[in-house]
Asker: 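Below: one structure in structure tokens.
Quick note on labels: first sequence line is chain A, next is B, and so on, each numbered from 1. When reading the values below, keep in mind they use all heavy atoms of this one structure, side chains included, and skip hydrogens, waters and symmetry mates.
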Amino acid sequence: MAILIDENTKVLVQGITGAFGARHAKLSLEYGTKIVAGVTPMKGGQKFENTVPIFDTVGEAVKETGATASAIFVPPAFAADAILEAADAGVELIVCITEGIPVMDMMRVKATMGCSSKVRLVGPNCPGLVTPGHGEKSHGGCRIGIAPGYIHKRGNVGVVSRSGTLTYEAVWQLTQLGYGQSTCVGIGGDPINGTSHLDVLKMFNDDPETEAIIMIGEIGGAAEVEAARWAKENCTKPIAGFIAGATAPPGRRMGHAGAIVGGAEDTAQAKKAILAECGIAVAETPGVMAKTLLEKWGK
Amino acid sequence: MNIHEYQAKELFDRFSVPSPKGKVASTPKEAYDAAKWLAVNNLVVKSQVHAGGRGKGVFKNGFKGGVHLVESPEGARDIASKMLGETLVTKQTGEAGRLVRKVMIAESVTIKKELYLAILMDRATGKPVIIASTEGGMDIEEVAEKTPDKILREFVNPLAGLQAYQVRKICHSLGLQTTARQYGRLLHSLYKLFIDCDCSMVEINPVVITTDDHVYALDAKFNFDDNALYRHPEIQAMRDTGEEDPREVAAAEYDLNYIGLDGNIACLVNGAGLAMATMDIIKHHGGEPANFLDVGGGASKEQVAAAFKIILGDKNVKGIFINIFGGIMDCNIVAEGVVAAAKETGLSLPLVVRLEGNNVEAGKATLASSGLNIVSADGMDDGAKKIVAAVS
């Protein structure tokens with residue numbers, strides 16, 4: 001089952017002819033993902049890697065190929081427009097990889113999309129999603145975004161995180177210990193994003209294939225706390241968590257636009273304490289995220 | 001990005017946010033001319049540095065106070081001559097202090113009441129929120145803690161914009177009567193400034209009501225969304241790199257994300273989340289991180305080399321921990337960058353490297369055959385323990 005995407009998901013790539021988009025579209029194709037279309041205005045009619053048709057508009061791409069998910073790689077100044085174009089075309093899952101989108105743009109995107117419950121946005125500024133395949137080195141799965149495919153292994157742990165490399169760290173720890181993943185979701189490091197930790201926890205809780213969960217967060221905002229409080233009352237599966245930024249100085253932006261220590265409840269220590277209160281096993285260091293989960297899970 | 005008080009005043013003027021008349025000066029002569037132009041005898045001379053606590057600050061030449069009241073152009077000139085070119089130390093600058101290159105000469109107003117006003121982006125709702133209070137001129141976090149009912153929050157629908165009823169509501173709650181219209185105009189103008197300039201926060205503490213019933217924005221703090229600076233060249237031009245950590249300025253030139261800290265273990269990491277986590281794990285094992293440094297997901301050999309030199313520029317650094325999860329990034333590129341930079345700088349400090357991921361074998365071989373004294377780590381826990389042991 002997995003969540004959001006599986007090996008049959010048809011994916012289109014907005015910005016497939018840019019260097020970044022092209023590189024990762026190619027890696028997704030090699031991974032076995034069904035990349036069915038690319039979209040670059042004024043380049044309709046061409047083909048990517050001699051196989052994937054390129055369209056001028058998302059609407060046309062959806063109509064011709066039946067794509068239901070989109071990966072957005074367009075530059076920051078044009079990304080808000082790309083998200084709204086995908087939503088307008090009826091794409092069900094929009095994954096925005098682009099880093100550096102102005103917050104005001106995302107504010108308007110969110111206010112506009114808020115009226116529709118049929119569309120899900122993941123990101124922006126995120127590594128994307130992977131539902132590993134059953135083949136060697138997880139080949140044959142669905143990879144939308146920039147995560148390295150080979151570190152994954154098909155299995156039963158759901159992973160949700162704001163940070164890219166920290167997600168890879170957790171996934172790699174799991175895979176090395178012999179535990180695979182159902183789906184890995186990078187929700188992104190921006191202050192205003194489409195999908196929250198809570199949204200993903202709910203989906204993992206409802207997914208029969210997911211048996212345990214790793215939730216990785218960081219300083220800034222209250223999203224992890226909101227998810228933990230929900231999990232305490234509702235989640236039936238074991239969860240391990242980690243919060244990055246215990247040593248971050250207050251008031252400084254730590255790389256991610258959203259990672260800033262604000263008030264007293266915003267610190268990593270405060271968040272870890274709340275996670276623990278809610279029954280989540282908190283990893284003492286990022287080096288033991290998988291190990292902490294396995295202990296909690298009784299493996 | 002921060003701006004100076006006189007630059008905030010420029011923005012206020014552009015957006016018709018009322019503030020006391022004033023002018024910036026770089027020389028005592030300009031200060032004299034500015035005071036003459038203001039043509040009032042209640043004046044204030046303010047040092048322009050990016051740090052709070054100016055009023056109680058002390059100059060290294062012994063002159064006390066970064067803010068002074070004067071009554072004449074001659075007075076403004078004399079005070080300016082004691083501030084300009086001198087270093088001001090306040091509780092926020094640290095011992096090094098800040099060089100005062102400019103002063104602002106402004107009309108000094110007589111205050112009847114001080115209010116608090118801020119607009120910021122609320123991440124939970126994805127909307128701008130206006131925060132207003134009658135308790136101006138104080139530490140607002142303290143007010144929020146002790147008397148939460150004195151803090152008003154009004155959320156604005158970003159598509160509709162700030163509505164007149166919301167402004168009336170705020171004025172009513174603040175108990176404003178004769179000054180309500182002026183305050184309302186100020187708030188509408190400030191909201192427009194907040195949106196049009198891509199601010200992430202603008203805080204006016206205090207908004208003052210003068211004895212003759214004028215409403216002015218007195219002291220402002222701006223935060224701009226770095227992601228949006230590309231479309232505001234006029235705001236970008238306000239950047240004063242003289243006020244910033246030179247290491248952070250150098251890092252920005254190479255598209256590196258660097259923040260200097262007080263510890264002695266330097267870190268070089270790819271990815272912001274992993275970089276934060278690396279600092280945490282060093283601390284967990286008893287060390288103190290010297291910096292946050294994210295080289296990004298696709299760093300080049302040159303970027304890695306530049307990053308290496310920047311962290312070595314910090315004299316407190318006693319050891320270096322490189323933690324790379326090269327998902328897509330080629331580990332060998334990182335290794336080549338490290339070796340090149342270590343040889344060029346004649347590195348003698350302990351260096352622990354944890355490499356994982358894409359092309360990791362080639363990367364490890366490059367490090368091993370470099371002839372350098374590099375300790376290889378197996379996982380980030382192991383790496384953190386090894387570097388902490390090496391510096392202690």
Asker: Decide side chain to side chain contact (heavy atoms under 4.5 Å, CB included) for A/Val103 and B/Asp198; before the verdict, give the C-alpha distance in whole Å, the side-chain angles of both, and the deciding distance to 0.1 Å.
Answerer: CA-CA 8 Å; A/Val103 179; B/Asp198 277 288; over 6 Å; no
Asker: Which pair of non-hydrogen atoms, one from A/Thr165 and one from B/Gly271, has the smallest distance, and what is that distance?
Answerer: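 Result for this residue pair: OG1-CA, 3.4 Å.
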Asker: Side chain, backbone, both or neither: which part of B/Asn358 has an atom under 4.5 Å from a heavy atom of chain A?
Answerer: both
Asker: How long is the span from the CD atom in A/Gln173 to the CE atom in B/Met380, to the nearest 0.5 Å?
Answerer: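 Answer for the CD-CE pair, A/Gln173 versus B/Met380, is 8.5 Å.
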Asker: Name the region of B/Glu356, side chain, backbone, both or neither, that has any atom closer than 4.5 Å to a heavy atom of chain A.
Answerer: side chain
Asker: Give, for atom CE of B/Met276 and atom CG of A/Leu166, the distance between the pair rounded to the nearest 0.5 Å.
Answerer: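 Result: 8.5 Å between the selected atoms.
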Asker: Return the set of residues passing side-chain hydrogen bond (donor to acceptor under 3.5 Å, both in side chains) with A/Gln269 (not counting sequence neighbours), or none when no residue passes.
Answerer: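 Counting only residues at least two positions away or on another chain, A/Gln269 forms no side-chain hydrogen bond (donor to acceptor under 3.5 Å, both in side chains).
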Asker: What distance separates A/Thr285 OG1 from B/Lys385 NZ, expressed to the nearest 0.5 Å?
Answerer: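 Rounded to the nearest 0.5 Å, the OG1-NZ separation comes out at 8.0 Å.
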Asker: Quick one: CD1 on A/Ile219 to CG on B/Asp280, what's the gap to the nearest 0.5 Å?
Answerer: 8.5 Å
Asker: Heavy-atom distance under 4.5 Å to chain B: side chain of A/Phe242, backbone, both or neither?
Answerer: side chain
Asker: Relative to chain B, which segment of A/Ile216 carries a heavy atom at a distance below 4.5 Å: side chain, backbone, both, or neither?
Answerer: neither
Asker: Quick check: are there more than 12 heavy atoms from other residues, nucleotides or ligands sitting under 6.0 Å from OH of B/Tyr191?
Answerer: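 Yes, the 6.0 Å shell around OH holds more than 12 heavy atoms from other groups.
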Asker: Give a yes or no on whether A/Lys291 atom NZ has more than 12 heavy-atom contacts from other residues, nucleotides or ligands under 6.0 Å away.
Answerer: no
Asker: Taking all non-hydrogen atoms of both residues into account, name the closest pair between B/Arg123 and A/Gly220 and its distance.
Answerer: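 Result for this residue pair: NH1-C, 3.4 Å.
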Asker: Write down the atom of A/Met107, the atom of B/Gly126, and the distance for their closest heavy-atom approach.
Answerer: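 That closest heavy-atom pairing would be CG-O, 3.3 Å.
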Asker: Count the heavy atoms of every other residue, nucleotide or ligand shown that sit under 6.0 Å from CZ of A/Phe78, and state whether that count exceeds 12.
Answerer: no
Asker: Identify which part of B/Phe224 has an atom lying under 4.5 Å from any heavy atom of chain A, answering side chain, backbone, both or neither.
Answerer: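 Contact with chain A: none, neither part.
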Asker: Does A/Glu99 CD have over 12 foreign heavy atoms under 6.0 Å away?
Answerer: no
Asker: Heavy-atom pairs under 4.5 Å with chain A are the metric here; pick the option from B/Asp381, B/Asp382, B/Val269, B/Leu229 that has the most.
Answerer: B/Asp381
Asker: Need one label for A/Ala223: side chain, backbone, both or neither, based on atoms under 4.5 Å from any heavy atom in chain B.
Answerer: neither
Asker: Keeping to residues at least two apart or across chains, list the salt bridge (charged side-chain N to carboxylate O under 4.0 Å, His left out) pairs with something in residues 263-279 of chain B.
Answerer: none
Asker: Where does B/Ile195 contact chain A at under 4.5 Å (heavy atoms): side chain, backbone, both or neither?
Answerer: both
Asker: For chain A, which of B/Ala275, B/Gly383, B/Ala144, B/Ala228 has the most heavy-atom pairs under 4.5 Å?
Answerer: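 The candidate making the most pairs under 4.5 Å is B/Ala228.
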Asker: Is it true that atom CG of B/Asp262 has more than 12 heavy atoms of other residues, nucleotides or ligands lying nearer than 6.0 Å?
Answerer: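 Not buried by this count: 12 neighbours or fewer within 6.0 Å.
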Asker: Taking the side chain as every heavy atom from C-beta outward, state whether B/Met121 and A/Pro191 have any pair of such atoms under 4.5 Å apart.
Answerer: no
Asker: State whether the number of non-hydrogen atoms from other residues, nucleotides or ligands found under 6.0 Å of B/Glu234 atom CD is greater than 12.
Answerer: yes
Asker: Write down the atom of A/Met104, the atom of B/Phe194, and the distance for their closest heavy-atom approach.
Answerer: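 Closest approach of A/Met104 to B/Phe194: CE-O, 3.3 Å.
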Asker: With only heavy atoms counted, which part of A/Glu226 is less than 4.5 Å from chain B, the side chain, the backbone, both or neither?
Answerer: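 No part of A/Glu226 comes within 4.5 Å of chain B.
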Asker: With the side chain counted from C-beta on, respond yes when B/Phe292 and A/Pro249 share a heavy-atom pair under 4.5 Å apart, and no when they do not.
Answerer: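 Result no, sub-4.5 Å side-chain heavy-atom pair not found.
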Asker: Measuring from B/His284:NE2 to A/Thr247:OG1, what's the distance to the nearest 0.5 Å?
Answerer: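 The distance works out to 12.5 Å.
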Asker: Please rank A/Pro76, A/Pro286, A/Gly287, A/Ala246 by heavy-atom pairs under 4.5 Å with chain B and give me the top one.
Answerer: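 Option with the top pair count is A/Pro286.
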Asker: For chain B, which of A/Ser196, A/Ala222, A/Ala244 has the most heavy-atom pairs under 4.5 Å?
Answerer: A/Ala244
Asker: Measure distances from A/Glu169 to the heavy atoms of chain B and classify the residue's part below 4.5 Å as side chain, backbone, both or neither.
Answerer: both
Asker: Would the number of heavy atoms belonging to other residues, nucleotides or ligands and lying under 6.0 Å from CD of B/Glu244 be above 12?
Answerer: yes
Asker: Side chain from CB out, backbone as N, CA, C, O: work out which of these in B/Asn270 comes under 4.5 Å of a heavy atom of chain A, or both, or neither.
Answerer: both
Asker: Taking CD in A/Glu284 as the centre, count heavy atoms belonging to other residues, nucleotides or ligands within less than 6.0 Å. Is the count above 12?
Answerer: no
Asker: Is it the side chain or the backbone of A/Ile151 that comes within 4.5 Å of chain B heavy atoms, both, or neither?
Answerer: side chain
Asker: Which atoms of B/Ala277 come close to chain A, meaning under 4.5 Å heavy atom to heavy atom: side chain ones, backbone ones, both, or neither?
Answerer: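 It is both, since atoms from each part get that close.
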